[in-house]
Visitor: 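Take a look at this one; I'll ask things after.
In this text the structure is predicted, and so the values were computed from the model without any measurement.
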2 protein chains.
Amino acid sequence: MELNERKLRILQAIISDFIHSAEPVGSRTISRKYDMGVSPATIRNEMSDLEQMGFLTHPHTSAGRVPSAKAYRLYVDDLMERHELTDEAKQTIRQQLDTNIMEFDKAIEQATRILSEITNLISFAIAPTSEEERLKYVNILPANEDTVVMMIMAESGNLSNAMIKLRVPYTEEKLALLSKVITYNFRGKKLDDILRTDIIRSFETDIEALNRLAEFVMPSFLSTLEDILNVELYFDGLTNIFSIPEYNDMERAREMLSMVNRKKDFADILLQRDSGTIITIGDENDFESMHDCSLITATYRINGKLAGKLGVIGPTRMRYSEITSVIDYMTDYLNQAFQISDTEDT
Amino acid sequence: MELNERKLRILQAIISDFIHSAEPVGSRTISRKYDMGVSPATIRNEMSDLEQMGFLTHPHTSAGRVPSAKAYRLYVDDLMERHELTDEAKQTIRQQLDTNIMEFDKAIEQATRILSEITNLISFAIAPTSEEERLKYVNILPANEDTVVMMIMAESGNLSNAMIKLRVPYTEEKLALLSKVITYNFRGKKLDDILRTDIIRSFETDIEALNRLAEFVMPSFLSTLEDILNVELYFDGLTNIFSIPEYNDMERAREMLSMVNRKKDFADILLQRDSGTIITIGDENDFESMHDCSLITATYRINGKLAGKLGVIGPTRMRYSEITSVIDYMTDYLNQAFQISDTEDT
DNA sequence: GGTTAGCACTCACTAAGAAAGAGTGCTAAC
DNA sequence: GTTAGCACTCTTTCTTAGTGAGTGCTAACC
């Protein structure tokens, strides 16, 4: 059977109606609202064809039609019009994502927040995977009498701190010296590799007092490196679930949130996805538990290299067009903002 | 009417049964499970008295009894036995809260997580209010070619970073100098006061190049100070709401989460509370929307001065005894861990 | 041959009624 | 003061019937 012009128009009408109403769409609704120029009966015939072709389903005999994953796929690939963000929308995003005063992890967190606010879905972001991450320098500074703070800077600009409680006295000079020694030893090495070396052996200085300090500092150094390497996962808009009709059922809402709560698993799902803006709809998702969700992710880059992901998860019925536009705009913006050789002039 | 021995025993039985079952408790249940030595009829009479005294209510004529806020108050003040944490429980908490390698804000965040896991309720913490917070030093370090990172250390050990994108070239020496100048200018001053001064005027150096750098740095400096002063609010265990029978009703679950989502308001509620371990039950809470919740908060201190709060929110039916023990143990531990003159030897 | 009106049919949803079960409240006897 | 007995209340669950939205089929129409 052929997917002719009229069938496409009807399908499109059904999809956009359903996306907004969340109610199965009947033939009369279409003929009334979308001015097809044919009677409901004709539309019914077409709908019946579309159903046979796998684009529509029936919750039950006497209900209207609901788009299938296949229909959304067609819609996303061919039918939907590209949504252009208004200038105000763009400006709001830029303002709230003011990257001049943010480290990128804060910016990502903020992006997640904005995204859930705009889309009314659950949004998430995963920080860049940093297997290639290399150490830039370490800096140890005094905090209190018996506490120091260690800053670890990675080449990408990824930054992490640790407070370390020392059991030995220190002076600022010694800290500075120790920082230099550690930096000298490990600069330019992959964090991953540093973690794998037998650090206690590889690290040796002839200065006794420094070694004593290092004894306290090294464990924190390692665990902080681990922290940096751990993929950080951000979520926002979890309570939006209450305004999504698909999750009016307590059981489904719980299921959704518990899926999102198994952060390790969810991070794996994200890490496995290809780069670029990817939409997976319903059973296109590899995981059983996501068979009636859609997932949209896009990749952002820090300095053109490290890549993280930003996206939303929700019911298959979602406003794909607007949402992808927002996500794309945000990732574009982040890419620019965290480009190392950003030489634009303002 | 007098609250005699037997009435108290019955009340206690009802409360502990209801705390675990979440079902209205009938006279037969009490006589069967708690071996009162009297018949259900007698217990019914006593229950009727207790109801008249305001300790019990009736969802409807033919249901069992449910403790009122007044009953929980009595229970919390007089009836409940102090719950002693097991050594394993204590050890688990200590292990997970390993403060040797954490700044206090991470520790607080972690504490919130542990608390919700143990209690199966929604837990929260508010970072110390820092009106008295004073600047210790500022340190600006290179990050990338055109980006630097500014570290602001407060006297309490509160630490904050900002990445700053410069539009002018810099050298490490200049950054170090600028750090020193800023530190020199503002060291020991209240963050609050620094924010209020006309910073551009008050801050002047005769070195032209430095001024140019400062131009880019100062806005970030200020906004980071603001960040530190903003009370940070942590939540965890939000999805626990699905396993609490009181929130089986979608509407109530949403209400609960939306209350907790209005972070500003919720922070205000917390800030208004007295210090120490405070339990407010049902309509003892000032806010209408919290009239069927109980709130338990405890105060922790950083360096004996700055005080934040840690606690849980849930239905009035909660395991007060265990929960307060856990919270108290955690705050005690935090107090010790972040005591400035901690001289214990291990 | 495509289009349409007409109509029987399906199925979710709602309301109303009936039956069951848990628990109270009262009374009268112990 | 305590208890057994029993009527009564109210929720919960299960039926049953009615309603309405929407389909699917057929026969007529252009």
Visitor: Which of these nucleotides, dT4(C), dG22(D), dG23(C), is closest to any side-chain atom of Ala41(A)?
Guide: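 Minimum distance to the Ala41(A) side chain belongs to dT4(C).
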Visitor: Separation of His58(B) atom NE2 from dT9(D) atom C1', in whole Å?
Guide: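 That distance rounds to 10 Å.
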Visitor: Using whole Å, what does the distance between atom P of nucleotide dG25(C) and atom CG of Leu50(B) come to?
Guide: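 The answer, rounded to whole Å, is 12 Å.
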Visitor: Checking side-chain polar atoms at under 3.5 Å, does Thr280(B) have a donor or acceptor matched by the opposite partner on Arg273(B)?
Guide: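 Checked: Thr280(B)/Arg273(B) side chains pair up, N/O donor to acceptor below 3.5 Å.
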Visitor: Round to the nearest Å and state the distance from Gln52(A) atom CD to dG24(D) atom P.
Guide: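 So the CD-P distance, Gln52(A) to dG24(D), works out to 11 Å.
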Visitor: Expressed in angstrom and rounded to an integer, what is the separation of Arg28(A) atom CZ from dG24(D) atom P?
Guide: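 Roughly 16 Å, once rounded to whole Å.
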Visitor: Does dA12(C) pair with anything, Watson-Crick or G-U wobble, both distances under 3.5 Å, and if so, with which nucleotide?
Guide: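 dT19(D) - that is the nucleotide pairing with dA12(C), both distances being under 3.5 Å.
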Visitor: Is a donor-acceptor pair below 3.5 Å formed from side chain Ser62(B) to base dT9(D), judging by atom type as modelled?
Guide: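 Checked by distance alone, the answer is yes.
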Visitor: Look at Ser27(B) and dT24(C) and indicate whether a side-chain polar atom (N or O) is within less than 4.0 Å of OP1 or OP2.
Guide: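 True: Ser27(B) side-chain N/O within range (under 4.0 Å) of dT24(C) OP1/OP2.
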Visitor: Whole angstroms only, please: what is the CD1-P distance between Ile10(A) and dT23(D)?
Guide: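 The answer, rounded to whole Å, is 12 Å.
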Visitor: In whole angstrom, give the distance that lies between atom NE2 of His60(A) and atom P of dG22(D).
Guide: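 The answer, rounded to whole Å, is 10 Å.
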Visitor: Which distance, rounded to the nearest 0.5 Å, do you find between the NE2 of His58(A) and the OG of Ser48(A)?
Guide: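 Answer for the NE2-OG pair, His58(A) versus Ser48(A), is 8.5 Å.
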Visitor: Mind calculating the distance between CE (Met47(B)) and P (dC26(C)) to the nearest angstrom?
Guide: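 So the two atoms are 15 Å apart, to the nearest Å.
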Visitor: In whole angstrom, give the distance that lies between atom CD1 of Ile43(A) and atom C1' of dT23(D).
Guide: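 Whole-Å distance recorded here is 13 Å.
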Visitor: On DNA chain D, nearest-nucleotide positions of Asn45(B) versus Arg44(A): which is more 5'?
Guide: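 Per heavy-atom nearest nucleotide, the more 5' residue is Asn45(B).
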Visitor: Both Val38(B) and Thr61(B) contact DNA chain D. Which one's nearest nucleotide lies toward the 5' end?
Guide: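 Looking at DNA chain D, the more 5' nearest nucleotide goes with Val38(B).
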Visitor: Would you give the length of the straight line joining atom CD1 of Ile15(B) to atom CZ of Phe55(B), rounded to the nearest 0.5 angstrom?
Guide: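 CZ of Phe55(B) is found 9.0 Å from CD1 of Ile15(B).
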Visitor: Specify whether Phe266(A) and Phe235(A) have parallel, tilted or perpendicular ring planes, treating 30° as the upper limit for parallel and 60° as the lower limit for perpendicular.
Guide: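 Ring orientation of Phe266(A) relative to Phe235(A): tilted.
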Visitor: dC8(D) pairs with which nucleotide, Watson-Crick or G-U wobble, both distances below 3.5 Å?
Guide: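 Matched dC8(D) with dG23(C) under the 3.5 Å cut-off.
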Visitor: Scan every strand shown for a Watson-Crick or G-U wobble partner of dC14(D), both distances under 3.5 Å, and answer none if you come up empty.
Guide: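 Paired with dC14(D), as far as the under-3.5 Å criterion goes, is dG17(C).
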Visitor: What closest approach, in Å, do Arg82(A) and Asp328(A) show between heavy atoms, and which atom pair accounts for it?
Guide: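 Reported closest heavy-atom pair: NH2-OD2, 4.0 Å.
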Visitor: With a 4.0 Å cutoff (strictly under), does any side-chain N or O of Thr42(A) reach OP1 or OP2 of dT4(C)?
Guide: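 For Thr42(A), the contact criterion (side-chain N or O under 4.0 Å from OP1 or OP2 of dT4(C)) is met.
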Visitor: With a 4.0 Å limit, can you tell me whether Arg65(B) has a side-chain N or O closer than that to the phosphate oxygens OP1/OP2 of dG25(C)?
Guide: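 Arg65(B) to dG25(C) OP1/OP2: side-chain N or O found under 4.0 Å.
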